[in-house]
Number of protein chains: 2
Amino acid sequence: MPNERSVGSDPGSRDATSIPESIDAYLADVAAFEAGSGTPAPGDGKQRILDAAAELFLTRGYAETSIRLIADAVGIKPASIYHHFTNKDSLLTEILEIGMLAVDRAFDDAAASTPPEPADRLERHVAAHLEALFAHHAFTATHVTVFPFAPPAVRNAAVAARDDYEARWAELLGEIAPQLEPDALRIARLALFGAMNSSVQWFDPKTSSTADLASAIARTVAHGMIPTGAS
Amino acid sequence: MPNERSVGSDPGSRDATSIPESIDAYLADVAAFEAGSGTPAPGDGKQRILDAAAELFLTRGYAETSIRLIADAVGIKPASIYHHFTNKDSLLTEILEIGMLAVDRAFDDAAASTPPEPADRLERHVAAHLEALFAHHAFTATHVTVFPFAPPAVRNAAVAARDDYEARWAELLGEIAPQLEPDALRIARLALFGAMNSSVQWFDPKTSSTADLASAIARTVAHGMIPTGAS
DNA sequence: GACCCTACCGAACGTTCGTTAGGGTGGCAA
DNA sequence: TTGCCACCCTAACGAACGTTCGGTAGGGTC
């Protein structure tokens, strides 16, 4: 309920700062690209800017990444970026929205299938979050490390979607662990978020599988790392 | 056990804007360490620069915080900062060293007392880490959020001490949860770090006690958030 | 008084920043 | 053919950046 799904695939309207459509187009193009078609799609320039900027923002930081550096990475001149984005802030805003959309859809997919056991349900959602985190790594991980230092205007534009996503997790964990009090539940939720999101800084999806990571984290969170018996 | 001895005993500090921090112990150590040059360095002004810079780096980010902004916060002119620090990088380096020293000493204190139960031992160390995290908040939290985007030279200078601290935790958790395999142990350790350190972004030590936070996190990590059930 | 030292300042340096103005393509629609 | 439009360019703007330099006030030491 909290999240809005009325995206649609209508590429018609283009209101100066109308962003959701382009996000949808972006995700569609990414899916098409990953499906095998390596041909440069129309509107390719903007997405290449987004990709390069997200990667640079993530590795270097927002303020440390200049427009000129992004332009060099794409292979164009700095002024050309302003044909696709009104300013640097809007570039980061769009990246954050793409990342939020990715994890939100992953939550949808995980919620669609309903495992019986609470532990399995938790693990499925943890796996969905982590897979989205690394599948669209540059866009989702930006939420973890870059967001805290983003300009206030950018943070304010992204905070609503973030709150919605956290609310979905709060509801889920409330059902999974009904015995926990609200305070403990809130701490457990935020600690779980910290544990999962911190993995973008130390987990390499090329050496291990995200499924293994998800099961390890989910198992620890579900049953703890000390075998039952000790008080 | 927590090391907060000389908070307000001396009327030496005359300013109301500075955050009360017990960094004098650190400065004594630095003076003893650099005894070769023979410069005693009383350093009241330097201390205020460190406090203001740490707070600004933490809230705004490193690149986003200008030397002029730090100088304004302290009440001096930008050029005066270069009397105490060779450049901006060295300012961040020193802040990171102070933060690392704080958590490392907290680990020492926690290790000095040896509780019998693994769960109690874990909780004591979690509490020690979290208390250091919030007692020297601006200096320790900088390691969490600012470090990833610090200039490479600064990161390289701080990475050794960070590795040492992580190794101490790895040994501790290996003793607490000997049944876990190395891979699972590593993930559990890093996930625990992510959970604890993320609290600097959502926990307010003024509304709740860090001890409650520590027990909540430690209990979740030790026994999980799902009551004893089949996996 | 001569000398040194710490702490700070005013003024400026050269560089990089985000951003804008204006011009030139090539392709597609009429 | 003409006109438009998406796209990218060169060139430059003012502002802010980290940093340096020469200088000064004050205090301690012989």
Side-chain angles (χ1 to χ4, degrees), chain A residues 11-18 21-22 25 29 40-50 52-53 56-57 60-95 146 149-154, chain B residues 12-15 18 27 30-31 34 37-53 56-57 60-95 149-154:
Chain A
S13 68
R14 182 198 45 85
D15 270 333
T17 58
S18 164
E21 284 83 359
S22 65
D29 277 2
D44 188 37
K46 179 170 183 177
Q47 284 151 31
R48 283 173 57 209
I49 295 173
L50 282 171
L56 288 169
F57 288 164
R60 293 175 154 260
Y62 179 67
E64 294 89 341
T65 300
S66 66
I67 291 288
R68 283 163 236 260
L69 198 62
I70 300 170
D72 281 350
V74 178
I76 59 177
K77 297 299 171 184
S80 303
I81 291 182
Y82 289 87
H83 178 258
H84 300 279
F85 302 93
T86 63
N87 52 29
K88 195 186 175 187
D89 280 9
S90 74
L91 187 46
L92 177 58
T93 298
E94 205 153 327
I95 287 170
V146 177
F149 299 139
V154 177
Chain B
S13 62
R14 74 203 76 172
D15 198 71
S18 68
L27 287 178
V30 168
E34 296 175 346
S37 64
T39 52
D44 181 38
K46 181 174 182 175
Q47 186 76 276
R48 287 170 55 206
I49 294 173
L50 283 171
D51 284 338
L56 287 170
F57 288 164
R60 292 175 158 259
Y62 180 66
E64 295 88 342
T65 300
S66 67
I67 291 288
R68 283 164 236 260
L69 198 62
I70 300 170
D72 282 349
V74 178
I76 60 177
K77 296 299 170 184
S80 304
I81 291 183
Y82 289 86
H83 176 70
H84 301 280
F85 302 92
T86 64
N87 52 30
K88 195 186 175 188
D89 280 9
S90 73
L91 186 47
L92 177 57
T93 298
E94 204 150 327
I95 287 171
F149 299 139
V154 176

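Basis for what follows: all heavy atoms, side chains included, without hydrogens, waters or symmetry-related copies. Within every chain, numbering begins at 1; the chains are lettered A, B, ... in the order of the sequence lines, protein sequences first and strands thereafter.
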Open item on the list: It should be established whether A:Ser80 places a side-chain nitrogen or oxygen under 4.0 Å from OP1 or OP2 of nucleotide D:dC7.
Closed with: no

Open item on the list: I'd like to know if the side chain of B:Arg48 and the backbone of B:Val74 have a donor-acceptor N/O pair within less than 3.5 Å.
Closed with: yes

- [ ] Among B:His84, B:Glu94, B:His83, find the residue that satisfies the side-chain hydrogen bond (donor to acceptor under 3.5 Å, both in side chains) test when tested with B:Lys46.
- [x] B:Glu94

Task: Atom-pair distance (NE2 on B:His84; C1' on C:dA7), nearest Å - done: 6 Å

TODO: Return the minimal non-hydrogen interatomic distance between B:Ile70 and B:Leu56, and the atom names on each side.
DONE: CA-CD1, 3.8 Å

TODO: For the pair B:Tyr62 (side chain) and B:Lys88 (backbone), establish whether a donor and an acceptor sit closer than 3.5 Å, ignoring hydrogens and angles.
DONE: yes

Open item on the list: I need the CG-P distance between B:Asp72 and C:dC9, as an integer number of Å.
Closed with: 11 Å

- [ ] Could you check how far CD1 of A:Ile76 sits from C1' of D:dA6, rounded to whole Å?
- [x] 13 Å

TODO: Please report, rounded to the nearest Å, how far the P atom of C:dC17 is from the CD1 atom of A:Ile81.
DONE: 12 Å

Task: Integer-rounded Å distance: D:dC7 C1' and A:Gln47 CD - done: 15 Å

Open item on the list: Once rounded to the nearest 0.5 Å, what's the spacing between atom OG1 of B:Thr93 and atom CZ of B:Phe85?
Closed with: 10.5 Å

Open item on the list: Nearest to the A:His83 side chain among D:dC9, C:dC8, D:dA6, which nucleotide is it?
Closed with: D:dA6

- [ ] Could you tell me which non-hydrogen atom of B:Ile76 sits nearest to which non-hydrogen atom of B:Ile49, and how far apart they are?
- [x] CD1-CD1, 3.9 Å

Task: Spacing between B:Lys77 atom NZ and D:dT24 atom P, to the nearest angstrom - done: 18 Å

Task: Reading 5' to 3' through nucleotides 18-25 of chain C, protein heavy-atom contacts under 4.0 Å coded B for base, S for sugar-phosphate only, - for none - done: BBBB----

